[in-house]
Structures are given as structure tokens and as C-alpha cells.
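Counting convention: from 1, in listed order, for ligands and their atoms alike. Along the sequence shown, the residues carry numbers beginning at 1.
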Amino acid sequence: MRHLMNPLDFTVEELNQLFDLANDIEKNPEKYAHICAGKKLATCFYEPSTRTRLSFETAMYNLGGTVLGFSDAASSSASKGESVSDTIRIISCYADICAMRHPKEGAPMVAAGKSRIPVINAGDGGHQHPTQTLTDLLTIRSLKGRLSDFTIGLCGDLKFGRTVHSLINALARYENIRFVFISPPELKVPDYITEMLKEKGIAYEEVIRLEDCIAKLDLLYMTRVQRERFFNEEDYVRLKDFYILDKSKMNLAGKDMLVLHPLPRVNEISVEVDTDERAAYFKQVQYGVYVRMALILTLLELAC
Ligand code: CP
């Protein structure tokens, strides 16, 4: 039995197989419409979500399976003090696979240790968000045709942003990737990530102004400043609108640069950018369904 805690749990070859399967699902959805008949997905979300929970549920329904779960810790027995370890033992009696989001880093890993069914980390605190990374990689591979030879800018909250941490780890395994980290000093990418890049000899630079680097980017990954990760409101208010990607900044970018965002966005991408051909963040949401379908099939060992 296999879990997914971190994008690095899959080798590059396994990821290629997963993305090939996701692309086949996109082209031939009818081929997969009943493959999970009789199977159940549990979505155990202790933190709010729109995309991740609903795309997992859509993925399972698209595969002919069914879904159960909770979307709020307050409506589960966690509110009475039940541990994650006990909860997953219970869920193992009801479902065949579980996607879990939790505000505490490592909680899905603790659950996986006690589970009789595959557990997928659907985001744990500021740590990892592997299925968002699978979504990001599939989007890039599908729209650009490759996962190597890019200069990628990651902009916004690089300190607390789990999507950023997962994506850097995953992209660091591909050839000729150069990172540009764009953040205010308070939200810099953690040292353990820059240490990892140094050890691997991967090029990166840290800048404050998006305008200073946007022209050289092949990919721009925007992120939200996350109110829920701040210890005080004053710091959040000071930093929340530090970056706003608008038409004037897009005019400085290359004609093929893709703009990605895990969403939700607040103000960091102006709605006027949505109609720009380089805006890929809503396409990214659709790829998130295909890749989660491929992941469910792979972990349930139903992939053909
Ligand atoms: N991208 C993402 O994780 O979105 P949700 O928080 O809505 O699931």
C-alpha cells in the first residue's frame, strides 16, 4: 500500500507515467468513467478548501466511485478531542482511500502510519501540498511540452507557502531549472530550501521587485499572502498587497511567459490579467482534476 505525503514520494519516471495517464484521462474520459465503481474516497479536511476537496470529489465521481467525509474539523469528532490516528482507523473501515488536509505539519503522515488505506496529503500547515504540485507540473508539461529548461519566478509568500515549498522540491529534480524568488524580506523562502539548492548546484536568486525580473521569466508562479499563517494582523495588513500583477507588469513580460497560481487569489493578480493568453491559472484548476483522477487510480492500483 502506498501513500502520498510529498511530491518526491514518486520518482521522475513515476511522475511521467502519472502525467501520461492524466493526459489520457483528459482525451478519453469515457474510458475511465466506471473504473472506480464500488470504491469510496474519504475527504477529511480539518482546514478550509474549495479546489483541493472539490477536485478530489469530482475526480472520484468522474471515475464512477463515491465520496464521504467532512469539510471542517468542527463538524467531526476532532472537536471532541479525537486524535488523527484514531480518526484514520475509523475512516479505514468506511473508505478505500483518504485525502486529508490538516493545519498541523505532519498530521497526514501520522495518519498514514496508522491507516489501512492509502492516505494523500491534501496540504499540511505551511509544509507540503503534493497534489497541488502534481497539478502545477501537469499544467506546465501540458502547456509547455516539457518540465526542464525554465527560469521560474515564485512570487509572494515564499515563507509560509506550502505550494511553493513542494513545487521547488519537485522542480529541482529536472534539468536546467533556474529559480527567481520574489518576496519581501519577511516572507523569504526558508533557509532549508536554499541550502538544498546550493547542495545540488541549482541556480537561484532572491529579489524584492517583480518588475526587476519579470522579463527573464518563462513561468511566473504567483501566491497569496496567507492571513491564516500570520501571528499578528498588523504584519499581514502591511504585506498583503506587496505584489499586484497587473497589465502594466504583464507588458514587461515575455510573450510566452505563463502565469500560474494555486489559487485562491485575493489581490495579487488583477482581474484584468485573466483575459491575457498567458494567464494559465484557471486551466491549472482543470488539470488538477485530471491529475487527481490519475493519482486515485495509481494508489488504488487500478491504472491500466
Ligand atoms: N490550491 C488550493 O489548495 O486551494 P484550496 O485551498 O481551495 O483547496
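With respect to atom 4 (O) of ligand 1, the closest heavy atom belonging to the protein is R51 NE, 3.0 Å. For atom 6 (O) of ligand 1, the closest non-hydrogen atom of the protein is R101 NH1, 2.9 Å.
Checking I120, V119, T43 one by one against I97, the side chain to side chain contact (heavy atoms under 4.5 Å, CB included) holds for a single residue, I120.
Taking distance alone, with nitrogen or oxygen atoms compared against 3.5 Å, H129 approaches ligand 1 more closely than that limit.
Taking a cutoff of 4.0 Å between a charged side-chain nitrogen and a carboxylate oxygen, E47 and R162 qualify as a salt bridge.
Ligand 1 places these atoms under 4.0 Å from at least one heavy atom of L263: 1 (N), 2 (C), 4 (O). For ligand 1, the atoms lying closer than 4.0 Å to a non-hydrogen atom of T50 are 5 (P), 7 (O), 8 (O). Ligand 1 places these atoms under 4.0 Å from at least one heavy atom of T52: 2 (C), 3 (O), 4 (O), 5 (P), 8 (O).
Counting heavy atoms from C-beta outward, Q132 and D136 have side chains that approach closer than 4.5 Å.
Both cation-pi conditions hold for R292 and F56: the charged atom is under 6.0 angstrom from the six-membered ring centre and inside a 45 degree cone around its axis.
Distances from ligand 1 to the non-hydrogen atoms of E47 include no value under 4.0 Å.
Heavy atoms of T163 found under 4.0 angstrom from ligand 1: none, in either backbone or side chain.
Ring pair Y290/Y287 is perpendicular by interplanar angle, where above 60° counts as perpendicular and below 30° as parallel.
In terms of modelled atom types and a separation under 3.5 Å, the side chain of S166 and the main chain of T163 share no donor-acceptor contact.
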